[in-house]
Number of protein chains: 2
Amino acid sequence: MIKLVITIYDIAEKAGVSAMTVSRVINNTGRISEDTRKRVRKVMEELNYIPNSAARSLVSQKTNILSLLIADITNPFYTTLARGAEDAAKKAGYRLLFANSDENYAKEKDYVDMMLSTRVDGVLFAPTGDLSVDNLNRLLQHQIPLVILDREVPGIEADIVLGDSKEGAKTLVEHLVSLGHRRIAMINGSPDVSTARLRYTGYREALVLSGLPMDDELVVHLGFRVFHEDAALDALLTLKDPPTAIFAANNLLAVGIIQSLRERGLQVPEDISVACFDDIGPAEMINPFLTVAAQPAYQFGLLGMQLLIERIEAEAAQPPRKIMLPSDLIIRSSTRELQRKETNDGAEG
Amino acid sequence: MIKLVITIYDIAEKAGVSAMTVSRVINNTGRISEDTRKRVRKVMEELNYIPNSAARSLVSQKTNILSLLIADITNPFYTTLARGAEDAAKKAGYRLLFANSDENYAKEKDYVDMMLSTRVDGVLFAPTGDLSVDNLNRLLQHQIPLVILDREVPGIEADIVLGDSKEGAKTLVEHLVSLGHRRIAMINGSPDVSTARLRYTGYREALVLSGLPMDDELVVHLGFRVFHEDAALDALLTLKDPPTAIFAANNLLAVGIIQSLRERGLQVPEDISVACFDDIGPAEMINPFLTVAAQPAYQFGLLGMQLLIERIEAEAAQPPRKIMLPSDLIIRSSTRELQRKETNDGAEG
DNA sequence: TTAAGCTGTGTTACCGATAACCCAAAAATA
DNA sequence: TATTTTTGGGTTATCGGTAACACAGCTTAA
């Protein structure tokens with residue numbers, strides 16, 4: 001029976017040297033004669049040696065593992081981001097421990113415990129919202145290098161990569177206004193998420209700059225997960241002066257909204273225009289439909305990971321950095337020019 | 001300055017006991033008086049103690065980490081699968097180390113090294129193809145519990161969860177035949193991937209059962225990644241008797257094909273029908289378009305992970321198990337009844 | 001010729017936790 | 001009361017590596 005787990009001691013014995021010599025060969029440290037080096041290397045290959053990360057971590061106090069926590073793995077924004085993060089981590093020789101909070105604070109907390117226990121070298125963290133402050137502070141207390149993604153968390157000072165939510169929202173709403181829409185509803189994420197607040201601010205600014213009145217009845221705050229709140233939509237649609245366009249704070253909300261509208265017999269964009277933040281994945285390539293403020297999701301992950309690795313490998317402390325990525329207005333067919341109402345037509349159904 | 005990393009020795013000292021007693025409290029082993037237990041617990045909370053996984057792994061020879069390797073993180077099939085795997089892993093108290101081979105054998109190999117070095121307790125492995133046999137054998141040599149996903153690899157005996165590729169393909173092609181199509185092309189993945197072979201077999205069977213001739217000119221073998229092979233499509237479209245329908249072996253191929261067709265001024269389904277394996281994500285919910293054989297991706301991940309955990313925690317050795325999940329024919333609007341040709345029309349361009 | 005320096009390698013201790021073994025004091029039994 | 005058993009806990013060695021130090025033998029400069 002072949003020995004299953006080979007250690008440096010097995011190598012050392014077979015090569016007739018000490019374990020320390022083997023360690024030196026592996027790490028290219030110290031002085032080793034070319035002769036010994038070759039002999040050790042050969043034995044290592046013969047025995048198919050693989051170093052034990054746990055043992056190495058224990059003494060080096062480094063795990064070579066980074067962690068990526070995203071808020072919603074069903075959202076193409078986050079999976080694309082994950083891809084960017086993975087590429088950058090792999091390039092720098094780190095392993096990636098992957099976690100998905102499902103926009104759920106408790107799950108997020110569990111994962112933070114896991115990260116601390118694993119002693120990961122750094123964390124790329126897309127917070128669920130302002131509540132994440134405790135979880136983030138735990139990481140900071142333990143001096144774990146940290147880069148935050150997508151959402152700012154009040155009270156936390158750390159490197160961060162985020163999108164320009166306010167400008168993106170403003171551009172999107174201005175686009176709707178330019179199409180003639182005057183009654184523009186917003187269906188927003190939870191107000192304890194920074195992006196939801198900023199997108200709301202952008203929405204307001206666009207209205208103000210266009211000389212349109214703010215109507216609180218047109219604004220609904222939900223969550224960022226898939227939309228199920230039919231009641232909210234009912235409330236909007238039964239207003240005396242219902243909206244002719246809806247701005248959804250993210251992609252999955254928009255998908256749910258459009259489905260709900262269809263169930264009510266309303267067509268997009270014929271009856272109502274819909275625009276949202278974030279693109280929605282490969283399907284959009286075959287039937288370009290949603291008008292969106294597309295964020296560079298891959299860049300979020302890539303740049304975030306690069307910042308993190310720099311932070312980990314930096315000699316001296318640096319002040320927190322902030323990268324803000326613009327979003328890109330992509331006009332497709334879910335929005336269109338407001339049709340003049342035929343008021344004398346009396347057609348209600 | 002607060003001590004950053006707290007060990008059981010710090011707890012022991014402050015609680016006036018030995019490290020072993022602290023270890024016993026943490027693991028609920030041995031005999032500890034209620035009094036000491038409480039005291040130790042209190043100190044642990046005060047100092048915000050978090051066990052060191054590496055140290056624990058070193059002695060227990062278990063890491064509590066499982067690894068998930070998928071073949072293409074841009075494909076919604078795999079991300080949905082990942083979600084199922086993550087849910088099952090979390091439920092059982094395991095951490096998940098995440099890897100993406102990008103359908104690339106060399107990347108896959110790197111990740112296998114990483115898994116071995118990490119001494120993961122088990123691996124959920126979606127192979128890139130038949131070449132993966134070496135990588136899989138490395139894991140097996142080291143007796144790492146293993147469950148394979150989605151693609152069979154000749155020469156490897158292990159638990160496996162896969163879809164019924166042959167039946168799915170057959171159903172899809174039969175659907176095209178039932179719409180009157182007689183010239184049905186197949187754009188397939190690489191022939192060294194089991195699903196590509198089986199989908200081809202299903203395609204053939206459907207043709208044979210329908211009494212249609214096989215025409216090798218109608219079959220193209222590419223890869224499973226996003227489609228860029230315009231030349232292949234050109235060849236199909238310039239045949240004397242070109243296809244009126246295309247069966248794509250997976251979702252991303254279909255997306256690429258449809259884009260390419262559009263660039264050539266061909267409309268789907270008006271000019272040509274397209275059907276494929278695997279659904280394409282949330283966008284499909286707003287504009288249902290692609291006719292697909294949808295596989296239960298989430299179940300792939302969930303069941304695979306459950307098998308893996310059973311395998312890890314099983315007392316005795318069990319023979320390899322195989323779970324085959326059926327796919328679901330979803331007829332949408334990318335396929336439609338073949339229109340009678342106006343042969344006397346002479347319209348060639 | 002001799003002290004000093006370099007080369008190549010071994011020894012020892014330690015990272016943080018736990019298994020295996022040991023043992024004093026208290027409780028139970030003879 | 002003497003002996004056995006139980007309770008509650010401590011000691012030591014070990015997991016697989018690596019840092020720090022030691023040191024023999026050869027080279028080189030004084």
Side-chain angles (χ1 to χ4, degrees), chain A residues 3-41 43-44 47-65 113-121 142, chain B residues 3-41 43-44 47-65 113-121 142:
Chain A
K3 202 165 183 296
L4 269 179
V5 179
I6 304 293
T7 73
I8 52 169
Y9 295 95
D10 302 314
I11 311 286
E13 193 181 338
K14 190 155 180 198
V17 296
S18 75
M20 199 56 224
T21 298
V22 177
S23 173
R24 287 189 182 108
V25 171
I26 294 170
N27 297 291
N28 265 314
T29 53
R31 277 187 270 271
I32 301 287
S33 74
E34 203 43 46
D35 191 49
T36 331
R37 189 186 305 278
K38 269 187 194 156
R39 193 152 31 96
V40 170
R41 284 250 168 79
V43 176
M44 276 170 47
L47 297 187
N48 209 344
Y49 169 75
I50 291 164
N52 182 320
S53 294
R56 202 176 250 184
S57 298
L58 196 54
V59 49
S60 72
Q61 306 286 16
K62 297 212 159 295
T63 54
N64 222 30
I65 296 180
D113 280 345
M114 187 193 87
M115 293 168 196
L116 291 172
S117 173
T118 307
R119 305 284 197 268
V120 294
D121 292 346
H142 290 265
Chain B
K3 201 162 183 302
L4 270 180
V5 178
I6 304 293
T7 72
I8 53 169
Y9 296 94
D10 303 312
I11 310 286
E13 193 181 340
K14 191 154 179 202
V17 296
S18 76
M20 200 54 224
T21 299
V22 177
S23 172
R24 288 189 181 108
V25 170
I26 293 170
N27 297 290
N28 265 314
T29 53
R31 277 187 269 273
I32 301 287
S33 73
E34 204 43 47
D35 191 48
T36 341
R37 189 186 304 277
K38 269 186 195 157
R39 194 150 33 96
V40 171
R41 285 250 167 80
V43 176
M44 276 170 48
L47 298 187
N48 211 345
Y49 169 76
I50 290 164
N52 182 320
S53 295
R56 203 177 248 185
S57 298
L58 196 54
V59 47
S60 72
Q61 306 285 15
K62 296 213 158 294
T63 54
N64 222 31
I65 296 181
D113 280 345
M114 187 193 89
M115 293 169 197
L116 290 171
S117 172
T118 307
R119 305 281 197 270
V120 295
D121 292 346
H142 289 265

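Labels below follow one simple rule: chain letters A, B, ... track the order of the sequence lines, proteins then strands, and each chain is numbered from 1. Values below: every heavy atom of this structure, side chains too, minus hydrogens, waters and symmetry copies.
The phosphate of D:dG8 (OP1 or OP2) has no side-chain N or O of B:R31 nearer than 4.0 angstrom. Using a 4.0 Å cut-off, no side-chain N or O of A:S33 falls inside it from OP1 or OP2 of C:dT7. For A:R56, a side-chain nitrogen or oxygen approaches OP1 or OP2 of D:dT18 to under 4.0 Å. For D:dG17, the OP1/OP2 oxygens have a side-chain nitrogen or oxygen of A:Y49 closer than 4.0 Å. Within the structure, every side-chain polar atom (N or O) of B:N52 is placed at least 4.0 Å from both OP1 and OP2 of C:dC15. Put simply, B:Q61 has a side-chain N or O that comes within less than 4.0 Å of OP1 or OP2 on D:dG16. Within the structure, a side-chain polar atom (N or O) of A:T21 is placed less than 4.0 Å from OP1 or OP2 of C:dG10. For C:dT18, the OP1/OP2 oxygens have a side-chain nitrogen or oxygen of B:S23 closer than 4.0 Å. The side chain of B:T7 places no N or O atom within less than 4.0 Å of a non-bridging phosphate oxygen (OP1 or OP2) of C:dG16.
In this structure, CG of B:L58 is placed 13 Å from C1' of D:dA13, rounded to the nearest angstrom. Computed from coordinates, the B:I50 CD1 to C:dG16 P distance equals 14 Å when rounded to whole Å. For A:L116 and C:dG16, the CG to C1' distance is 16 Å, given to the nearest whole Å. One atom, CD of B:E34, and another, P of D:dG9, lie 10 Å apart when rounded to the nearest Å. Residue B:I26 contributes atom CD1, which lies 10 Å from atom C1' of C:dT18 at whole-angstrom precision. In this structure, the CE atom of A:M20 is 12 Å from the P atom of D:dG17, given to the nearest Å. Note: CG (B:N27) to P (C:dG16) measures 17 Å, nearest angstrom.
Within the nucleic acid shown, A:V17 comes within 4.0 Å of sugar-phosphate atoms alone, with no base atom in reach, counting heavy atoms only.
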Intermediate values then yes/no, side chain to side chain donor-acceptor pair (under 3.5 Å), A:T63 and A:S57: CA-CA 5 Å; A:T63 54; A:S57 298; 5.4 Å; no
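Contact annotation: side chain of A:Y9 to base of D:dG17, donor-acceptor pair present below 3.5 Å. Residue-to-nucleotide contacts include no donor-acceptor pair under 3.5 Å from the side chain of A:R119 to the base of C:dG16.
When the nucleotides C:dG8, C:dG16, D:dG10 are ranked by their closest atom to the side chain of A:T36, C:dG8 comes out on top. Between C:dT9, C:dT11, C:dT18, one nucleotide has an atom nearer to the side chain of B:I8 than all others, and that is C:dT18.
Put simply, the side chain of A:R119 reaches to within 4.5 Å of the side chain of B:I50, judged on heavy atoms. Looking at heavy atoms from C-beta onward, A:I6 lies out of side-chain contact with A:K14 at the 4.5 angstrom threshold.
Evaluated for a side chain to side chain contact (heavy atoms under 4.5 Å, CB included) with A:V17, the options A:V40, A:I32, A:I11 yield exactly one hit, A:V40.
The two atoms that bring B:A19 and B:A12 nearest to each other are N-CB, 3.5 Å, heavy atoms only.
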